[in-house]
Amino acid sequence: MHDDSAGLARLDRRVADCRACPRLVAWREEVARTKRAAFTDWTYWGRPVPGFGAADARLVIIGLAPAAHGGNRTGRMFTGDRSGDVLYQALYDVGLASQPTSVSADDGLELHGVRVTAPVHCAPPANKPTPGERDTCRPWLVQELKLLRPTLKAAVVLGAFGWQAALPAFAEAGWTVPRPRPAFGHGTRVALDGLDLFGCFHVSQRNTFTGRLTTEMLREVLRTAADAAGLP
């Protein structure tokens, strides 16, 4: 077992330079120029947001896409927005993160045996990438999964969009995905060869504010996935 830290670092740099989807490039850069009033003193990242976390991750968490004023501002997945507040608090609660908050890329947060990524690396208008944008971005996720494959034992996919994007990526990265493809559901657990795949409602404000996803539900999925990954 070994990690490819250099390979992931190269991939992250290439991801951050991607300009493949014109609509997403225009949107992320427009948001970075106009900003939100609360963040006028920030220099927005305004580029694709690469994955974040351990190069020898045993568990990967796959979201949807960066938030316009979260990852698109800070340059780090799930950092600086409400969804990230919920996710990193839960990761801290179950012992997978060094601190419960995630406010900037240089805040010292470390993940323990975990990497966080997304099937779409640019912030999309209305938080909705098109199927074409999802498919254009998929090779980045495939390459990331291939680099993580020597150590990866479990994956948590947040939301149905992420699930639909992740399953073909796992297949392209070399795992055997059942046919027909398993349907998304919260708490769904699918055994791929050597990897357990878990479904979890997305940590969006819509889900957390309405109680569709409670903190305990999220912690339960993360605990189960950590156990499957052999994380302490």
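Contact between Phe198 and Ala154 at its shortest, heavy atoms only, is CE1-CB, 4.3 Å. Nearest heavy-atom pair across Lys153 and Ala228 is CB-O, 4.2 Å. Between Cys122 and Pro48, the shortest heavy-atom distance links the atoms SG-CG, 3.7 Å. Contact between Arg115 and Gly53 at its shortest, heavy atoms only, is NH1-O, 3.8 Å. Closest of all the heavy-atom pairs between Val120 and Arg134 is CG2-CA, 3.9 Å. Shortest non-hydrogen contact noted between Leu148 and Ala55 is CD2-O, 3.7 Å.
Linking Ile, Leu, Val, Met, Phe, Trp and Tyr whenever their side-chain heavy atoms come within less than 4.5 Å puts Leu147 and Leu192 in one cluster. When the side chains of ILVMFWY residues are joined at heavy-atom separations under 4.5 Å, either directly or via intervening members, Trp45 and Leu24 end up in two distinct hydrophobic clusters. A continuous path of Ile, Leu, Val, Met, Phe, Trp and Tyr side chains, each step under 4.5 Å between heavy atoms, connects Leu59 with Phe52, placing both in one hydrophobic cluster.
Proximity of Leu11 to Trp140: side-chain heavy atoms (C-beta onward) are separated by under 4.5 Å at one or more points. Side-chain contact check for Thr117 versus Ile61: every heavy-atom pair is 4.5 Å or farther apart. Side-chain contact between Tyr88 and Thr101 is absent, with no heavy atoms from C-beta onward closer than 4.5 Å. No side-chain heavy atom of Ile62 sits under 4.5 Å from any side-chain heavy atom of Val156.
Distance alone, capped at 3.5 Å, places no donor-acceptor pair between the Arg212 side chain and the Phe201 backbone. Checking side-chain atoms of Glu144 against main-chain N and O of Pro50 turns up no donor-acceptor pair under 3.5 Å. Judged by distance alone, the side chain of Arg149 and the main-chain N or O of Gly174 form a donor-acceptor pair under 3.5 Å. Between the side chain of Trp42 and the main chain of Tyr44, no donor-acceptor pair closer than 3.5 Å is present. Checked by atom type and distance alone, the side chain of Gln89 never pairs as donor or acceptor with a backbone atom of Val86 at under 3.5 Å. Side chain of Asp107 to backbone of Val103: a donor-acceptor contact under 3.5 angstrom is found.
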Donor-acceptor pairs under 3.5 Å, side chain of residues 159-166 to any protein atom, not counting sequence neighbours: which ones?
residue, atom, partner, partner atom, Å
Trp163, NE1, Pro182, O, 2.8

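With values rounded to the nearest 0.5 angstrom, Gln205 atom CD is found 8.0 Å from Asp81 atom CG. The distance from atom CG of Leu109 to atom CZ of Phe78, rounded to the nearest 0.5 Å, is 13.0 Å. Atoms CG and NZ, on Leu8 and Lys146 in that order, are 13.5 Å from each other to the nearest 0.5 Å.
If you chain together ILVMFWY residues whose side-chain heavy atoms come under 4.5 Å of each other, Val25 ends up in a group of its own.
In summary, the side chains of Thr74 and Thr79 do not present any donor paired with an acceptor at a separation below 3.5 Å, with no hydrogens or angles considered.
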Item to complete: Before giving the answer on side-chain contact (heavy atoms from CB on, under 4.5 Å), spell out for Arg58 and Leu152 the whole-Å C-alpha distance, their side-chain angles and the decisive distance to 0.1 Å.
Response: CA-CA 4 Å; Arg58 298 178 69 86; Leu152 204 58; 5.9 Å; no
Worksheet item: Does the side-chain contact (heavy atoms from CB on, under 4.5 Å) test come out yes or no for Leu197 and Leu167, once each step is laid out?
Response: CA-CA 9 Å; Leu197 186 65; Leu167 287 175; 3.3 Å; yes
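Under the 4.0 Å criterion applied to side-chain N and carboxylate O atoms, Arg223 and Glu216 are assigned as salt-bridge partners. The pair Arg138-Asp135 meets the salt-bridge criterion, with a side-chain N (NZ, NE, NH1 or NH2) lying under 4.0 Å from an Asp/Glu carboxylate O. We find that Asp12 and Arg76 are not joined by a salt bridge, their nearest charged nitrogen and carboxylate oxygen being 4.0 Å or further apart.
Applying the side-chain hydrogen bond (donor to acceptor under 3.5 Å, both in side chains) test to every pair with at least one member in residues 171-194, sequence neighbours left out, gives these pairs: Arg189-Asp196.
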